[in-house]
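What follows is a set of notes on a single structure, which appears directly below.
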Amino acid sequence: MMQMREPGLCTVDVERGELKGATNRYVKTLLDLEGLYEDQAAYTSLLAKMADEIVYEVTDYKPSSMSGDMIIGVTRMIPGKVGNEYFLTRGHIHAKPNRPEMYYGEKGTGIMLLESPAGEIRTIEIAPRTMCYVPPFWIHRSVNTGPGELVMTFAYPADSGQDYDIIAKAGGMRNRIIDDGKGGWKAVENKQYRVRSDHLIAEIQAKAD
Ligand SMILES: [Fe+2]
């Protein structure tokens, strides 16, 4: 007979930006985010001030990594900029790229930056009570464009996995999210970006089990 999994109960601590009852937690410091920002000099000088400070944190509840199961969790990112570029997460495509994701704004404001393998860009504004659907096959990263912490809850299929290299190999994502000088944000071209080959795009699209 099929083994029934027990229901889970977690609580979202919006103020602390964490999931109570999580089974996993990981953090990223500024030092972990080397190479992501355009302004190397600004990165180095900020590193001297806050190398060990946690820039973002993920707490999640992962019942299993089985196909058909689901991972739920909370992500929290502090506000800040490296030069004029807003703090961001490393970003990824799912290792099984045809897996989707949902993000829900709890506190603060930011951007979900999405890129298709062919290099199309979408920017979705996140605020409290907005829900962002990340479709299959989109590379995604979150950016804190607000004055305070950005806290979101999320859910995605448990067998999705994460491939971070796809961004690194392309020299980053196609756009960077920078301060527009008026307290807002704007997306600009990333000068280091290299367009993926048709062969690589086809290879990613073929990974659809
Ligand atoms: Fe994801």
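Whatever order the structure lists ligands and atoms in, that order sets their numbers, starting from 1.
Electrostatic pairing of Glu18 and Arg76 does not count as a salt bridge here, judged by no charged N lying under 4.0 Å from a carboxylate O. Ion pairing of Glu101 with Arg99 is absent here, as no side-chain N (NZ or NE/NH1/NH2) approaches a carboxylate O to less than 4.0 Å.
Within the protein, the number of N/O/S atoms found under 2.8 Å from the Fe ion (ligand 1) is 4.
Side-chain atoms of Asn175 and Tyr193, non-hydrogen and from C-beta on, never get closer than 4.5 Å to each other.
Between Tyr164 and His92, the two ring planes are perpendicular [angle over 60°; tilted spans 30° to 60°]. The aromatic rings of Tyr103 and Phe154 sit tilted relative to each other, their planes meeting at an angle between 30° and 60°.
Atom-to-atom distance recorded for Ser116:OG and Ile204:CD1 is 9.5 Å, nearest 0.5 angstrom.
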